[in-house]
Every structure is written in C-alpha cells, then in structure tokens.
Amino acid sequence: MSGSCYTPPPFPHTSRLIMTDSVVTRFAPSPTGFLHIGGARTALFNWLYAKKRGGKMLLRIEDTDRERSTKEAIDAILDGLKWLELDWDDDVIYQFSRAARHREVAESLLASGRAYHCYATAEELAAMREKARAEGRTRLYDGLWRDRDPATAPSGVKPTIRLKAPQTGETVIEDQVQGRVVWQNENLDDLVLLRGDGTPTYMLAVVVDDHDMGVTHVIRGDDHLINAARQKQIYDALEWDIPNMSHIPLIHGPDGSKLSKRHGALGVDAYRAMGYLPAALRNYLVRLGWSHGDQEIFSTQEMIDAFDLPAIGRSAARFDFAKLENLNGHYIRQSDDQSLVTQFEQVLDYVPEGAALKAKLNDATRAQLLRAMPSLKERAKTLIELISGAYFIFADRPLEIEPKAAVLLTPETRTLIGRLRIALEAVTDWTAETTETAMRNFAEQNNLKLGAVAQPLRVALTGRTTSPGIFDVLAVLGRQECLARLADQAA
Ligand code: GLU
C-alpha cells in the first residue's frame, strides 16, 4: 500500500487501563494493508468469544511500523469491521502512541536484571548469525553482552535492550486450539525488546499492550505461534500472567495451497463490492475452521451461543467461493424485501456502474424495485446479480437487447409483439392478474402457447431472455412504459 504516515491520537500513558475479571479479547491488525479475509475471521472469532462470555472486544491498531502503516489502511480496517457489524468496545488503541510505556517496561526489566544492554555491532550480529546457521543452530545471538560488564561498552554505540531469556528448560504454551506446545529454551534467542533508537520491538509492544488492556484471551492466526513462545518469556520476566492463548489455523486455497488473490485472499471491501451480505460473510467465515455438528447456517445469536475455542480445528481451513456464493444466495432469499432495497442502494457506492444507477433511484424506482424484489431475490446469489436482474427497471428506452435475446426478435415475433401490444392496450386496470388474463386470451385466440407469446414479450420488456415472472415485469413497469417498450420493438 502506498500513502503517507498519519499522526495517531494521543493515548493515556498509564499502566493497566481496564480492571476486569470478565473476558477481554482484542483484534490487533497491522495497518499495512486492507482488512483481508483472514483478519476478518480473526476479528469475528474474537468478537464471538467476547459476546458469548459477556466480555469486551478491543481494537488495537499495531502501527509501530511507521514506514508501512497508512491512514488508508486504518480507514479500510475500521470500515471493514463496521460493514461486517463487528463492533469493538472502547476507543481504538494505537500502539505507536504507547511507545513511552513500552520503553518504561523495557527499562524496568533492565533495572530488575531480567534484561541487559547489548552493544553488538551490525557486523558482529551478522557474523553470529552466519556461524549459528553454519552450525545448524536456531539461536542466532550468542549472548555476547549477556554477562558482560557494561563498563566495557564501546562509546558512541546506542545499545539495544535484550531480554535475559532462560537458557535451559522449556517454554510452554497451553493453547486452546493447538494444545500444549513446547519449545526448548536453548533454541530461543535473547530477543531485542528496545532498539538502539529507543523504539520498542513488536514482541515487547504486544505483551505490554495486552497486559495493560487487560486482555484475557488472545485469539490470532497460528503464524503467531512462535511469537507466543517469545512473548511468554517476556511475561515471565515481568511476572505477569500470560493471557489464554488460541492460535487458529490460517485459511488456505481450495487446493490446500496458500490463499491467493484468485482464491479469495482479498480485502473485505472486495467482498462488499462483489455483492456479499455481511451476515452471509460472517456465517461463511465462522465455519472456516470452526464447526458445530453439521450446522451450516447460523444466526448471529446462534453463533454466539455455540462458539467455543476448543472446537476450532487444527488443520487449515479451505476457502471455497462456490460455498460462499450459495450461502449468500440463501441469505438474500431470507432477507426481507425492504432491507434488500437498502442494501442494493448501498452497494452501488462500491460497484463500477453504481453511480449511473444511483442517479436513477427515486421514490418511483425504489417502489418498483421493492415490488420486483420477491421475484428478483429468488434468482440472485449476490447483490450484483440482483442489480443485473433489476436491469429492466432502470433501463432507458429503446432497450439494449442482449445478443442472446436479440435472436428472438424476428420479423414474425416483431409482428406478434405489435398485435400483443394492441391487446394489452385494452387493459386499463393494469395489474399482474389483468395483464395475465389478457395475454392468455391473446394466446388462445391466436392458437399459440403462452410461452410463445411470453418470450418475445420478455425480450421486448427486459432486453433479456431471463427475468422475473413476466406478469410481475408487466406490473412493475406499469402500463405506459410497457406499451412504449413494446412499440419500440414492434414491426
Ligand atoms: N499485528 C499482528 C498482525 O496483524 C497481530 C498481532 C497479534 O494478534 O498478536 O498479524
């Protein structure tokens, strides 16, 4: 993402911000890109767990990477969460604004002897890493300054602060999803807490913030599992309790590979623009990696009631567009007509042809849309398909006839349309019922099947070969518009 850095709002520089015995979860995205689908699922799981336990979900924007954090990304994250109706509690916390507090904690560890100044130069560190790799060791830092007398420190070098991590024994995480995960301390580095320029590392910032925010449950992607071990060492050094941990498997593509753009690794905004309903996307996401018997459809309350951390599977979930689409179709069919009119209108801000269509929305066309909705929603899996199905309402005369439909307009059918128009013109009280009667009579008198009349009529009125029921179309468009469209195509 490109864009300039922004100035985060100030944050109270206190230690524990929230004192609570109840559940506190948090969603902690880095604003270096849009809210992607995996992040949305993480947010959903945190939100569900907090709701289920009557607790809070906090939102922390991890904006310490000043180069890559942008205002646009923050806005996209907040917008995406709002669209998904995953509301957070309290004010948004900006991690960068807490740098002084992070420094203070690093210095307290120095004072308690649980951390030390490291003056190793970049060259020394590079040599250490090379040596460790050659020897096949995962611990890269060799403890050069761990026990060295700071009096021997070179002048002019700004030291980092490193954790004096245990060198023997094990670091253990009891993870709700992964189970008991054990690391041998001999393989873990004395990690840097504070850089030479005084900025905190991610590892320190997360621990201090989670602690200060009163976070009781950390639920995040399992790409952070190794960080949990490092963070546990920081918690131990600070003699703080580590929150309950749940590392959820990442989302993969349908073939089990890393999720690619083609397979759905997109921002939540892209799903909105593709015409998915937030409720359907939530329902789809909750089932990605979590299950509750065979149940596929969950109302929000059902999700909250049934959700639990140990029921999250350990293997990667596979993203399946077809399944999401079917689920979305289900939600569209279940939605009430007025709410679909509203969502139809809202999605226009996110689709390419939206502005032109929006300009045509007025009380009359809204009423037509509402009238057509029972029939339109049966045929649409997304709001985009709903827009496409509603084309006939907004189309300007003379209609653009799609090629598949144009072949049905022959000299014969054009003549038929002309005669049918005369029959329909006689209908004064224009409803689905009266026009149906007129058409049936016309078909009978001309010895034609109803379909043979209805199909050319559909083409003339909608420009397509498929549409809502033809009598609904007649009723929705009204007498005047129907007769005019028929005249446009009649021979
Ligand atoms: N900021 C991290 C990310 O976006 C999440 C850190 C965490 O949840 O502890 O991946």
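Ligands are counted one by one from 1 in listed order, and the atoms in each one are counted from 1 as well. Fair warning: this is a prediction, and the values are worked out from it, not measured in the lab.
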S.K.: If you take the centroid of each ring, where Trp contributes its six-membered ring, are Trp290 and Phe307 closer together than 6.0 Å?
M.R.: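 Yes, the ring of Phe307 comes within the 6.0 Å limit of the ring of Trp290, centre to centre.
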S.K.: What residues, two or more places apart in sequence or in another chain, satisfy side chain to side chain donor-acceptor pair (under 3.5 Å) together with His102?
M.R.: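 Applying side chain to side chain donor-acceptor pair (under 3.5 Å) to His102 gives Asp209.
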S.K.: Who passes salt bridge (Lys or Arg N to Asp or Glu O under 4.0 Å) against Lys131, sequence neighbours left out?
M.R.: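 Salt bridge (Lys or Arg N to Asp or Glu O under 4.0 Å) list for Lys131, sorted by chain: Glu135.
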S.K.: Can you see whether Phe392 has Arg464 sitting over its ring - NZ or CZ less than 6.0 Å from the centre and within 45° of the normal?
M.R.: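 No, Arg464 does not lie over the aromatic ring of Phe392.
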S.K.: Salt-bridge test for Asp197 and Lys158: reply yes if a basic N is under 4.0 Å from a carboxylate O, no otherwise.
M.R.: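 A salt bridge is absent here (no side-chain N lies under 4.0 Å from a carboxylate O).
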S.K.: Tell me, which residues have any heavy atom less than 4.0 Å from some atom of ligand 1?
M.R.: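 Ligand 1 is contacted, at a heavy-atom distance under 4.0 Å, by Arg26, Ala28, Pro29, Ser30, Glu62, Tyr202, Val206, Arg220, His224.
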S.K.: Name every donor-acceptor pair, under 3.5 Å, that has one atom in a side chain of residues 74-86 and the other anywhere in the protein, sequence neighbours excluded.
M.R.:
{"unit_1": "Asp75", "atom_1": "OD1", "unit_2": "Lys71", "atom_2": "NZ", "d": "3.0"}
{"unit_1": "Asp75", "atom_1": "OD2", "unit_2": "Lys71", "atom_2": "NZ", "d": "2.9"}
{"unit_1": "Glu85", "atom_1": "OE1", "unit_2": "Arg282", "atom_2": "NH1", "d": "2.7"}

